[in-house]
Amino acid sequence: MTKALPSPGFATFEDSDHALLLSGDGEPDFRAIQQSEDFQLLRRRIARFVIPATILFLSWYVTFVLLSAYADDFMSTPVFGVINVGLVCGFLQFVTTILITLAYARYARKKLDPQVEAVRGLVADEEML
Amino acid sequence: MNGANTFVNLGVFGAFVLLTLFIVYRASSRNQSASDYYAAGSSFTGAQNGVALSGDFLSAASFLGISGAIAVNGYDGFLYSIGWVVAWLIGLMLIAERLRNTGRFTMGDVMAFRMRQRPVRAAAANATLVISIFYMIAQMAGAGGLMALLLDVHSKVGQAIIIAIVGVVMVLYVLVGGMKGTTWVQIIKAGFLILSVSLLTIFLIGKFGFDLSAMLERATQKSPLGDAVLSPGVKYGATSTSKIDFLSLALALVLGTASLPHVLMRFYTVPNAREARRSVVWATWMMVIFYLCTMVIGFGSMALVGTDAITSAPGGENSAAPLLAFKVGGAVLLGVVCAVAFATILAVVAGLTLTASASFAHDVYANVIKHGEADPRQEVRVARFTAIIVGILAILGGIAANGQNVAFLVALAFALAASANLPTLLYSLFWKRFNTRGTLWSIYGGLFSCIVLIVFSPAMSGTKSSVFPHAHFDWFPLSNPGIVSIPLSFLAGFLGTILSKQPADADKQSEMEVRALTGIGSGLR
């Protein structure tokens, strides 16, 4: 059902001669993984997108709600025909939601998924997971 | 609408029930494991689950309620839709993938991952049960109101019988089909719903020469409020209290959606985090299409049916979409719209029943009572038995609440999810120091503050539309508690954590963080 993703960061056979991050009983050593360079990079990449995007959409939404509640004169200004600023802003909320969704999906596919594979490569070969 | 339509309505609805029951029967496996019953063996694709997510989320309140709110209040009705669409970004970026990687069946799996199991699981199950049952009673009571409107059943006994039938069918879905069958019901229903609102919308815009502005202009002429319906403030602009009430509602809508237990549980029906992400992308598209269509349907009914005709019809605001359907397509289209509304109630309630039963069996029975060592077969038996009990409670609650003003229950469910679940989930996923006491404080802090504030709000007493119109214990001025209870729950989680002498379990924290972000240790591919 899910295709194996092309994964440039995946630890291939050639470079898998480094020790796998497993604890004594063969389970993943989560402490070591958490501190690994690859995992830290994954965290930074997630934060770099998710934090600004979340702040952006929440503040845009709250602004819209506050304008609707306290600036109805401004929101009632006609733009074309009977369509006013408020309706346009409401419609733009839909548009920005779609844009952020698509941008995140793309970013995750290009930057996050390969890095997840890289971290998973620290623990085992593909078949062992 | 006269009695003759009843047969058309019943025919379309009966066909839907038979079709879905058949599919549920075919999709179900004879010997269900716990994973089959709770999570459909995690065998759905992102696209399927995305459609099912929208099916689970779009209740009759969304379809009839929102188009009606727009038809009567114009712009202020439209604000609901926006909150519910924007909310999916939280699910997409903060919750879906991490939840899928960390847990197996319930919200409690994630909240209790690095905490002391028993108290946290019990708390998570309490939150799930309270939210699901409130949400369910609102849906079931709505079903009674719909009957009066759509099937011309006006006697209380007749409505009670129909509520009971709805309850029995939905328990059948859950018992026979488990999560797999319920998911197929959601997919069929969502397809049915989106298709009919899209066709209705295209037809409406076509009628006005594909000119939205012309339609809105006509709508303003037919509304007693005139141009004001296109501007904010009709419903919430009266006083400074009503404005704060509106902010509070807006906050609960955007923060509550992605933390409703039945929405969270959907993320376990896909095999991995990538598919979980894909499901939210699909669900977002469905929401955008659906709410744009309801806007057109709302203003369209204002333009063609007129606000006065809508408010004076039995069922009030909720009758906007059915009246419009009758106006443009006669009895057949009315039958289709009614059947869609029934199907919606049925499917949403089935999803809620499954979630409540899973939470009781998996969190309370298996982990609190049996200390995590329950026989999985026995656990599924408990879940099925719970589903029957929950079904009975929903039927009784729905009959008792029939005719009551229970719209606030839906808003309350969102406020509860935003206060009890969201802070806890975010802290446990992203804050290293978060510990057991913090978890308990944020869950119970959010849950109790919400319930207490709603009890003392104008929704319960003091105004004409309250549940107890003649009593006066409404010392809290807002109908929506979110603006107080959400920050309170964040604060409670923070204070509980720093005031606890027991530090967070660092090993478990490492495991949870690595697992949440990469899936290592979860067995998922």
Side-chain angles (χ1 to χ4, degrees), chain A residues 1-2 4-5 27-28 30-35 39 42-43 46 49-50 53-54 57-58 60-62 64-73 75-76 80-84 86-87 90-91 93-94 96-98 100-102 104-105 108-109 112-113 115-117 119-120 122-124 126 129, chain B residues 43 45 75-76 78-79 81-83 85-86 88-90 92-94 97 211-214 216-217 220 227-228 230-233 236-237 243-244 246-247 250-251 254 271-275 277-278 280-281 284-285 287-288 291-292 506-507 510-515 517-521 523 525:
Chain A
M1 188 167 342
T2 52
L5 288 184
E27 292 294 309
F30 291 108
R31 274 283 174 89
I33 300 168
Q34 195 180 31
Q35 276 144 25
F39 186 78
L42 174 64
R43 275 182 56 163
I46 292 173
F49 190 97
V50 168
T54 305
F57 88 76
L58 276 184
W60 166 220
Y61 175 73
V62 170
F64 169 74
V65 168
L66 287 174
L67 283 175
S68 294
Y70 295 101
D72 41 348
D73 286 345
M75 294 301 248
S76 317
F80 47 90
V82 290
I83 295 176
N84 57 31
L87 288 170
F91 182 71
Q93 291 282 340
F94 284 69
T96 48
T97 302
I98 287 285
I100 294 175
T101 301
L102 294 179
Y104 175 75
R109 208 165 52 237
L112 302 182
D113 289 346
Q115 193 58 29
V116 166
E117 291 302 320
V119 177
R120 291 174 74 112
L122 298 173
V123 192
E126 180 115 4
L129 280 164
Chain B
S43 61
T45 65
Y75 185 94
D76 280 12
F78 182 45
L79 290 165
S81 334
I82 293 167
V85 167
V86 172
W88 290 88
L89 287 172
I90 291 182
L92 176 71
M93 293 193 287
L94 300 175
E97 296 171 54
D211 182 354
L212 195 62
S213 187
L216 294 179
E217 203 169 335
T220 58
D227 285 347
L230 298 181
S231 310
Y236 298 106
K243 285 179 179 179
I244 295 172
F246 162 66
L247 295 181
L251 208 58
V254 81
N272 56 40
R274 281 191 301 274
E275 293 298 315
R277 182 200 308 145
R278 245 169 243 158
V280 190
V281 175
T284 308
W285 278 110
M287 295 297 150
V288 167
Y291 285 116
L292 285 177
D507 284 336
S510 299
E511 182 178 349
M512 184 173 175
E513 188 178 4
V514 170
R515 181 163 167 171
L517 298 191
T518 66
I520 293 172
R525 230 353 281 167

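Order of the sequence lines sets the chain letters (A, B, ...), proteins ahead of strands, with each chain counted from 1. What's counted below: heavy atoms across the whole structure, side chains too, no hydrogens, waters or symmetry copies.
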Contact check, side chains of B/Trp285 and A/Leu102, non-hydrogen atoms, under 4.5 Å: yes
Engaged part of B/Leu94 at the chain A interface, taking heavy atoms whose separation is under 4.5 Å: side chain
Non-hydrogen side-chain atoms of A/Leu87 and B/Tyr75 separated by less than 4.5 Å: yes
Part of B/Ala506 within contact of chain A (heavy atom distance under 4.5 Å): both
Stepwise side chain to side chain contact (heavy atoms under 4.5 Å, CB included) test for A/Tyr61 and B/Ile82: CA-CA 9 Å; A/Tyr61 175 73; B/Ile82 293 167; 4.1 Å; yes
Atom group of A/Asn84 that falls short of 4.5 Å from chain B, counting heavy atoms: side chain
Chain B contact via A/Leu42 - which portion, at a heavy-atom distance below 4.5 Å: side chain
Working for side chain to side chain contact (heavy atoms under 4.5 Å, CB included), residues B/Leu247 and A/Val65: CA-CA 7 Å; B/Leu247 295 181; A/Val65 168; 3.3 Å; yes
Pick from A/Asp72, A/Val116, A/Thr101 with the largest number of heavy-atom pairs that fall under 4.5 Å of chain B: A/Thr101
Check against side chain to side chain contact (heavy atoms under 4.5 Å, CB included), A/Trp60 and B/Val86: CA-CA 10 Å; A/Trp60 166 220; B/Val86 172; over 6 Å; no
Candidate pair B/Arg274 and A/Glu117, rule salt bridge (Lys or Arg N to Asp or Glu O under 4.0 Å), full reasoning: CA-CA 12 Å; B/Arg274 281 191 301 274; A/Glu117 291 302 320; 3.8 Å; yes
Residue selection (most heavy-atom pairs with chain B, distance under 4.5 Å) from A/Leu67, A/Ile83, A/Val62, A/Thr96: A/Ile83
Selection from A/Phe49, A/Phe91, A/Phe64 maximising heavy-atom pairs under 4.5 Å formed with chain B: A/Phe64
Top contributor to chain B contacts, counting heavy-atom pairs under 4.5 Å, from A/Ser68, A/Ser76, A/Ala53: A/Ser68
Structural part of A/Ala71 lying under 4.5 Å from a heavy atom of chain B: neither
Flag side-chain contact, heavy atom, 4.5 Å: A/Arg43 against B/Leu517: yes
Check: A/Tyr104 and B/Leu89 side chains under 4.5 Å, non-hydrogen atoms: no
Closest-packed option against chain B by number of heavy-atom pairs under 4.5 Å, given A/Ile98, A/Leu112, A/Val50: A/Ile98
Sidechain-backbone polar pair: B/Arg277 side chain, A/Ala105 backbone, donor-acceptor under 3.5 Å: no
Top of A/Tyr70, A/Phe80, A/Phe94 for chain B proximity - count of heavy-atom pairs under 4.5 angstrom: A/Phe94
Euclidean distance, A/Ile100 CD1 relative to B/Leu92 CG, rounded to 0.5 Å: 9.5 Å
Whether over 12 other heavy atoms sit under 6.0 Å from B/Asp227 CG: no
Side-chain touch A/Thr97/B/Met287, heavy atoms, less than 4.5 angstrom: no
